[in-house]
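First up is the structure itself, then whatever we jot down about it.
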Number of protein chains: 2
Amino acid sequence: MPRENKTRYALLGMLTYKPMSGYDMKKMSDHSIGHFWNENYGNIYPVLKKMEAKNLVTMTREEQDGAPTRKVYTITEEGRAAFSQWLSRPPEPAILREELLLQVFFGQWTNPKLITAKIREEDERCRSIIRELEGIRDHMDSGGNIREVPENSRQVMREGTPYWRHTVEFGLHYYSGIRDWCAETIKALEERRGEKDENNRIGRKSQG
Amino acid sequence: MPRENKTRYALLGMLTYKPMSGYDMKKMSDHSIGHFWNENYGNIYPVLKKMEAKNLVTMTREEQDGAPTRKVYTITEEGRAAFSQWLSRPPEPAILREELLLQVFFGQWTNPKLITAKIREEDERCRSIIRELEGIRDHMDSGGNIREVPENSRQVMREGTPYWRHTVEFGLHYYSGIRDWCAETIKALEERRGEKDENNRIGRKSQG
DNA sequence: CCAAAATATATCAAACAGATATATACAAGA
DNA sequence: TCTTGTATATATCTGTTTGATATATTTTGG
C-alpha cells in the first residue's frame, strides 16, 4: 500500500480561508507555504477532481471580465471533517534525497574545485531564500497579505498568522543550517587544498 | 519529460568501491549515505536491471555457504563514464514537503497542545538522529568501517573519508537547525498559551 | 497583426516510497 | 521433529509526486 496523498489536505486547508480555483491555490501555495511545501498543477487538478467526486469540495464555474472562466472550489462539511481528522494524525517525517550531498560524498572522483563551486551555488541559493523569508517575516504584521481576502475571512487569517510565522521561522532555521554548513565546508575544502598545494610546493614530500 | 533517475548514480558510486549485490548496496546506503539519501529495494532492483541492460554494470551469480545465492554487480567502464559525467553536472535542489509544517501552518484549526506534542516528537527524533551522526563522526577515523573492504579498496575509502565527513556534518547542521526551531516554537506556543490562560484567569478580559 | 505575458485548466511519463511477497538458511523454543 | 523467528537475498506492486508540456482565453506591447 503506497503513501497517502497529502496534496488533498494542503488544498482543503487553503479552502478553509475562502473558495478558490486551482490556479489561485497554486499561487497561494507558492506565496504562503511554498518554503516548506512543494505543490504543482500536475497534482492539483487531478486531486481537485477526485475530491469533488468524493464530495469533499464542490465546484462552480465563474465567468469574469478580462480573464478566462474559472472553476471555483468550495470546501464542504465532509471536506472540513476530513481535514480535521488529518490534523489530528501524526505527520510523516521528511524523506531526504539530497543530490548535492551525494555528489559531495563521492567527491574524490571529481575535481575538488567543482565540488567547492557547487557548494557555493547552494550557499547563494540559501542566502537568497533566507532574504525572502526575512522579508515575509518582517512584513507579516502589516496585514498586506490580508487585503485580497473577504472581510469575513480576515479574523481567520489573523488568528492563523502566528502559525504561519512559525513556518517561516522553520524555513529560516532550515536554510541557515545548510548555509552554515556550506560556509564551513568551503572553508575546510580550501584549507585541504591549501595543504596539498603547500606539500607540492615544498617538494612533493607527500604521497597523497 | 519527467525527472531523471538518480538512484542509478548512487548505486554506480557505491560500485566504485567494490562489486556488490542489491542487498549489500541497500545496507551500505543505510549506513553511509542514509542520513541524506533515502533508497529502497523498490528502486534498487529495477534500476540494477536497467543498468545491466545498458551495460553500465555486469552481473554474476555467487553461491555462498550458509546464505542464499547472490547476484553481484560490477561497474563497467561505461558505468564509470556515466558516473563521472553525472558528477560534473549541477545537482538539483531539494524539494520540500514537510507534513509537520503543513499541520503547524493550519494549527488554528486544532488543539494547540496537539501541535506542541507533534513538535516535541520531531524534536526527539532530531536529537536521536543527531546522536547517531555524532557517533558516526567520532568513530570515522578509527577505520572500523574499512574492515569489511578488500585491501585494494582501502586507499580509495580512506581518500573518500573527508567527503563522507562533510556529509555527516551536513546532517548535523540540518537536524540541529530543525531541533532548534522545535525548541523555540514549543517555547513560543507555551508562552502564548500562558498568556491566554492568564487572560482567562484575570476575568475574560480578552476577546480572543 | 503578431508575439509575449497573464490568467486558467489539464495531461503525461517516469521517478519514487514503502508495503508486501518469495526463497534460502540458520537458530531457538515447544 | 516441527514451528517460529531472524538473517540473507531478490523482487513486485500501487499509488504519490515531479515538472515538462499542452491547450484555451484575454490583454498588452511592438
Side-chain angles (χ1 to χ4, degrees), chain A residues 1-11 19-30 34 36-52 54 57 59-73 86 91-99 102 148, chain B residues 1-11 19-30 34 36-52 54 57 59-73 86 91-99 102 148:
Chain A
M1 279 305 106
R3 283 178 293 176
E4 185 198 1
N5 179 279
K6 300 291 161 52
T7 292
R8 174 189 306 142
Y9 303 114
L11 299 185
M20 290 190 221
S21 66
Y23 187 77
D24 288 333
M25 282 185 252
K26 176 66 164 72
K27 285 202 300 183
M28 182 177 172
S29 174
D30 289 343
F36 67 86
W37 191 262
N38 186 63
E39 212 39 277
N40 59 76
Y41 294 121
N43 271 341
I44 289 175
Y45 290 113
V47 168
L48 281 172
K49 239 189 229 174
K50 283 194 188 115
M51 289 202 292
E52 195 193 357
K54 293 193 168 189
V57 297
M59 188 274 287
T60 55
R61 286 169 206 271
E62 177 180 293
E63 299 200 355
Q64 52 186 349
D65 292 341
T69 298
R70 307 169 351 131
K71 290 186 173 179
V72 176
Y73 294 83
W86 164 73
E92 288 177 357
I95 289 148
L96 265 62
R97 267 171 86 89
E98 297 270 354
E99 192 177 357
L102 194 59
E148 303 169 1
Chain B
M1 277 303 109
R3 284 175 293 177
E4 186 199 0
N5 180 280
K6 300 290 162 48
T7 292
R8 175 187 307 144
Y9 303 115
L11 299 184
M20 289 191 222
S21 67
Y23 187 75
D24 288 333
M25 283 185 252
K26 176 65 163 73
K27 285 202 301 185
M28 182 176 171
S29 175
D30 290 343
F36 67 86
W37 191 263
N38 186 61
E39 215 37 281
N40 58 77
Y41 294 120
N43 272 341
I44 290 176
Y45 289 113
V47 168
L48 281 172
K49 239 186 226 172
K50 284 195 186 110
M51 288 202 292
E52 196 192 356
K54 292 192 168 190
V57 298
M59 187 274 287
T60 54
R61 285 168 206 269
E62 178 180 291
E63 299 199 353
Q64 51 188 348
D65 291 342
T69 299
R70 306 168 353 130
K71 291 184 172 180
V72 176
Y73 293 85
W86 165 73
E92 287 177 1
I95 288 146
L96 265 62
R97 268 172 85 90
E98 295 271 355
E99 194 179 353
L102 194 59
E148 305 169 359

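A note on names: the letters A, B, ... follow the listed sequences, proteins ahead of strands, and every chain is numbered from 1.
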Considering all heavy atoms, the nearest A/L11-A/M51 contact:
CB-CE, 3.9 Å

Does A/R3 make a side-chain donor-acceptor contact with the base of C/dA17, cut-off 3.5 Å?
no

Restricting to non-hydrogen atoms, name the atom on A/G22 and the atom on A/L48 that form the minimum distance, rounded to 0.1 Å.
CA-CD1, 3.8 Å

Salt bridge (Lys or Arg N to Asp or Glu O under 4.0 Å) against B/K71, all qualifying residues, sequence neighbours excluded:
none

Rounded to the Å, how far apart are A/N38 CG and C/dC16 P?
15 Å

Between atom CE in A/M20 and atom P in C/dT9, what is the gap in whole Å?
13 Å

Provide the closest heavy-atom pair for B/E98 versus A/W37 in the form atom of the first, atom of the second, distance.
N-CE3, 3.5 Å

For nucleotides 3-7 of chain C, tabulate all protein N/O to nucleotide N/O atom pairs closer than 3.5 Å, reporting atom names and distance.
residue	atom	partner	partner atom	Å
C/dT7	OP2	A/Y23	OH	3.4

B/W37 CH2 - C/dA15 P separation (whole Å):
12 Å

Going by atom types alone, do A/E99 and B/W86 pair a side-chain donor with an acceptor below 3.5 Å?
yes

Judged by nearest nucleotide, the residue sitting upstream toward the 5' end of DNA chain D, A/Y41 or B/Y73, is B/Y73

Side-chain contact check for B/K71: nearest option of C/dT9, D/dT16, D/dA11 is D/dA11

Could you tell me how far apart A/I44 (CD1) and D/dG19 (P) are, to the nearest whole angstrom?
13 Å

Please determine whether a side-chain nitrogen of the Lys or Arg among A/E63 and A/R70 lies less than 4.0 Å from a carboxylate oxygen of the Asp or Glu.
no

Between A/T69 and A/N43, whichever has its closest DNA chain C nucleotide further toward 5' is A/T69

Both B/E92 and B/D24 contact DNA chain D. Taking the nearest nucleotide for each, which residue is further toward the 5' end?
B/D24

Atom-pair distance (CD1 on B/I95; P on D/dG19), nearest Å:
4 Å

Using a cut-off of less than 4.0 Å, is there contact between a side-chain N or O of A/T7 and OP1 or OP2 of D/dT17?
yes

Would you check if there is a donor-acceptor pair between the side chains of A/T69 and A/E62 at a distance under 3.5 Å?
no

Is any side-chain N or O of A/S21 closer than 4.0 Å to OP1 or OP2 of C/dT9?
yes

Whether B/K49 contacts D/dT10 is assessed here as follows: a side-chain N or O lying under 4.0 Å from the phosphate OP1 or OP2. Is that the case?
no

Does a nitrogen or oxygen in the side chain of B/K50 sit under 4.0 Å from OP1 or OP2 of C/dA14?
no

Phosphate contact (C/dA17 OP1 or OP2) by B/N40 side-chain N/O below 4.0 Å:
yes

Given D/dG19, C/dG18, C/dT11, the nucleotide with the shortest approach to the side chain of A/P46
C/dT11

Under 4.0 Å: is that the gap between some side-chain N or O of B/Y45 and OP1 or OP2 of D/dT10?
yes

Could you tell me how far apart A/K26 (NZ) and C/dT9 (P) are, to the nearest whole angstrom?
13 Å

Contacts of B/N38 that satisfy side chain to side chain contact (heavy atoms under 4.5 Å, CB included) - sequence neighbours left out:
A/I95, A/R97, B/N40

Do any side-chain nitrogens or oxygens of A/R97 fall under 4.0 Å of OP1 or OP2 in C/dC16?
yes

Gap between atoms CD and P, on A/E39 and D/dA20 respectively (whole Å):
16 Å

If only side-chain N and O atoms of B/N5 are considered, is one of them under 4.0 Å from the OP1 or OP2 phosphate oxygen of C/dC16?
yes

Given atom CD of A/E63 and atom P of D/dA24, what is their separation to the nearest angstrom?
18 Å

